[in-house]
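In what follows, chains are A, B, ... by sequence order, proteins preceding strands, each numbered from 1.
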Amino acid sequence: SHYYRSLIRACARENSLEKGQKLHATLIKNGLAASPHTFLYNALLHMYAVCDISLSAHNVFDQIPLTHMDTIDWTTLMSCYVRNGLPDKALLLFRFMQGEGVFPDEVTFVSFFAACSRLGDVKTGQQGHVYMFKNGLPFTVTASNAAMDMYVKCGRMIDARRVFDEMSERSVVSWSIILSGMIKWEGVENGRNLFDEMPERNVVSWNAMIGGYSKNGDMGSAWFLFERMPVRNSVTWTEMIDGFARSGDIVAARRMFDEVPFEMKNVVTWTVLVDGYVSNGQMDTARELFEEMPERNFFVWSSMIAGYCKKGQVKEARVIFDRISVRNLVNWNALIAGYAQNGFCKEAFEAFARMQPEGFKPD
RNA sequence: GUGCCACAAAUU
């Protein structure tokens, strides 16, 4: 079993889900996994969590007897849920864990705070913060950062600053969290002042600043920073392309896109460019690029559908929609809204009726 | 043994 554990660990490390699943099957066959003391399920849990398959992770988790799972196992699953955009499940798990008499530690709270900020639930987040104090949990840089970020995302800059001021040690992440809060809630220029005075900056800090400018339509300042930054990544490029596209300069957006280094071109880079053409009403170019995309996500599909609908080309929107293999709630919304806006009431209701058996709740 | 924080994109 020691041997299997290291195999599973290797899968987790290199993110190879398929190998991991094969191992999982083997372990079920030979019955090794069934004995809790091998801690093989714990290892599998970790593997599935790393691969972001929360469903399998939870299934494996349920196989582990309560006597053989610790805070780390709970935290592993919680953080997996948060990463997969299921923060409510993460909080549920947190409550359940306490019900089982397992105590959260400072790492658990990192995921806890992340869940609260995604839900915009400061109240719960603050309760967690108080819990940490009361129970004497250590405020590591990471834990404090997570708490700060929770306050920032909920618009509570005063609380965020209080955490920041009380930290005995700060990292570049701490500064970047405050920076993005200032940009978002107190204006780009105030953010810029902090940016200029920060003790250290990394690519995320630069990106936060560029993103702030580009959301403000100030592509001049964005460009200024873009040219001067020491390191760029795909987020940087995406923000620039998107910024130019939104400011109406689709030509500049395209030029940016063409300059993106190969390894930094990803599905989001493509998506913002396609969406840029869509927003500029150039559906033909958008379509060409869309067809060229190496990989598509929910966002482009919605963008294309909405774009065709705005041009009154509802038929074409439908063609696109029917090509989607796995649909999203937003994809449905785009189609239904498009039908409605073009006076196709019957089709809108038909689509509305059809989405529900497919497991979507209209919102 | 194993869990860890900040920056980018779609519908109304």
Side-chain angles (χ1 to χ4, degrees), chain A residues 2 5-6 8-9 12-13 39 41-47 49-50 57 69-80 82-83 104-114 117 140-150 152-153 171-181 183-184 201-212 214-215 233-243 245-246 264 266-276 278-279 296-307 309-310 317 328-338 340-341 363:
Chain A
H2 195 270
R5 234 180 4 242
S6 50
I8 296 171
R9 252 217 277 158
R13 207 175 303 121
F39 287 98
Y41 274 129
N42 307 60
L44 284 168
L45 163 66
H46 180 221
M47 198 265 321
V50 166
M69 60 168 117
D70 58 6
T71 305
I72 295 183
D73 296 316
W74 289 92
T75 306
T76 305
L77 189 57
M78 268 184 70
S79 69
C80 181
V82 175
R83 274 198 309 274
D105 65 8
E106 72 281 4
V107 182
T108 314
F109 276 103
V110 173
S111 300
F112 176 89
F113 289 136
S117 63
T140 57
V141 177
T142 329
S144 300
N145 286 347
M148 247 174 51
D149 186 52
M150 186 274 299
V152 164
K153 296 252 161 71
S171 68
V172 63
V173 178
S174 324
W175 286 95
S176 299
I177 292 169
I178 289 289
L179 174 66
S180 38
I183 293 170
K184 185 166 183 190
R201 291 170 273 276
N202 64 9
V203 64
V204 176
S205 340
W206 286 86
N207 286 345
M209 215 50 252
I210 290 180
S214 94
K215 279 196 192 76
N233 63 15
S234 31
V235 176
T236 319
W237 290 95
T238 308
E239 288 176 337
M240 292 301 290
I241 297 166
D242 191 44
R246 282 179 203 273
M264 293 186 191
N266 63 22
V267 65
V268 187
T269 333
W270 281 88
T271 302
V272 291
L273 183 66
V274 170
D275 187 55
V278 168
S279 309
R296 301 184 186 89
N297 57 15
F298 292 132
F299 289 68
V300 239
W301 290 107
S302 307
S303 180
M304 290 297 293
I305 294 165
C309 288
K310 261 188 208 100
N328 198 345
L329 178 61
V330 179
N331 297 151
W332 282 101
N333 285 345
L335 183 74
I336 293 172
Q341 280 152 11
D363 59 355

>> With a 4.0 Å limit, can you tell me whether A/Arg9 has a side-chain N or O closer than that to the phosphate oxygens OP1/OP2 of B/G3?
In response: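 It does not, given that no N or O in the side chain of A/Arg9 lies less than 4.0 Å from OP1 or OP2 of B/G3.
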
> Would one find a side-chain N or O of A/Lys153 under 4.0 angstrom from OP1 or OP2 of B/C7?
Replying inline: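 Looking at the OP1 and OP2 atoms of B/C7, one of them is under 4.0 Å from a side-chain N or O of A/Lys153.
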
The side chain of [X] is closest to which nucleotide in this list: [options]?
X        : options           : answer
A/Asp73  : B/G3, B/U2, B/A9  : B/U2
A/His46  : B/C7, B/A10, B/G3 : B/G3
A/Lys215 : B/A10, B/A8, B/C4 : B/A8
A/Val204 : B/U11, B/C7, B/C4 : B/C7
A/Phe299 : B/U2, B/A6, B/A10 : B/A10
A/Lys310 : B/U12, B/A6, B/A9 : B/U12
A/Arg246 : B/A10, B/G3, B/G1 : B/A10

Is it the case that [N] (base atoms only) and [X] (side chain only) share a donor and an acceptor within less than 3.5 Å, ignoring hydrogens and angles?
X        : N     : value
A/Thr75  : B/G3  : yes
A/Asp105 : B/G3  : yes
A/Ser302 : B/A10 : yes
A/Asn331 : B/A10 : no
A/Asn297 : B/A10 : no

Taking any heavy-atom pair under 4.0 Å as a contact, classify [X]: base, sugar-phosphate, or nothing.
X        : result
A/Val272 : sugar-phosphate
A/Thr76  : sugar-phosphate
A/Thr108 : base
A/Ala43  : nothing
A/Thr71  : base

Rounded to whole Å, please give me the gap between [atom1] in [X] and [atom2] in [N].
X        : N     : atom1 : atom2 : value
A/Asn207 : B/C7  : CG    : C1'   : 5 Å
A/Ile8   : B/G3  : CD1   : P     : 14 Å
A/Met240 : B/A9  : CE    : P     : 15 Å
A/Asp275 : B/A10 : CG    : P     : 6 Å
A/Leu44  : B/U2  : CG    : C1'   : 12 Å
A/Asp149 : B/A6  : CG    : P     : 6 Å
A/Trp270 : B/A10 : CH2   : C1'   : 18 Å
A/Asn233 : B/A6  : CG    : P     : 14 Å

>> Ring-plane angle category for A/Phe113 and A/Phe109, please: parallel below 30°, perpendicular beyond 60°, tilted otherwise.
In response: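 The arrangement is tilted - the two ring planes meet at 30° to 60°.
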
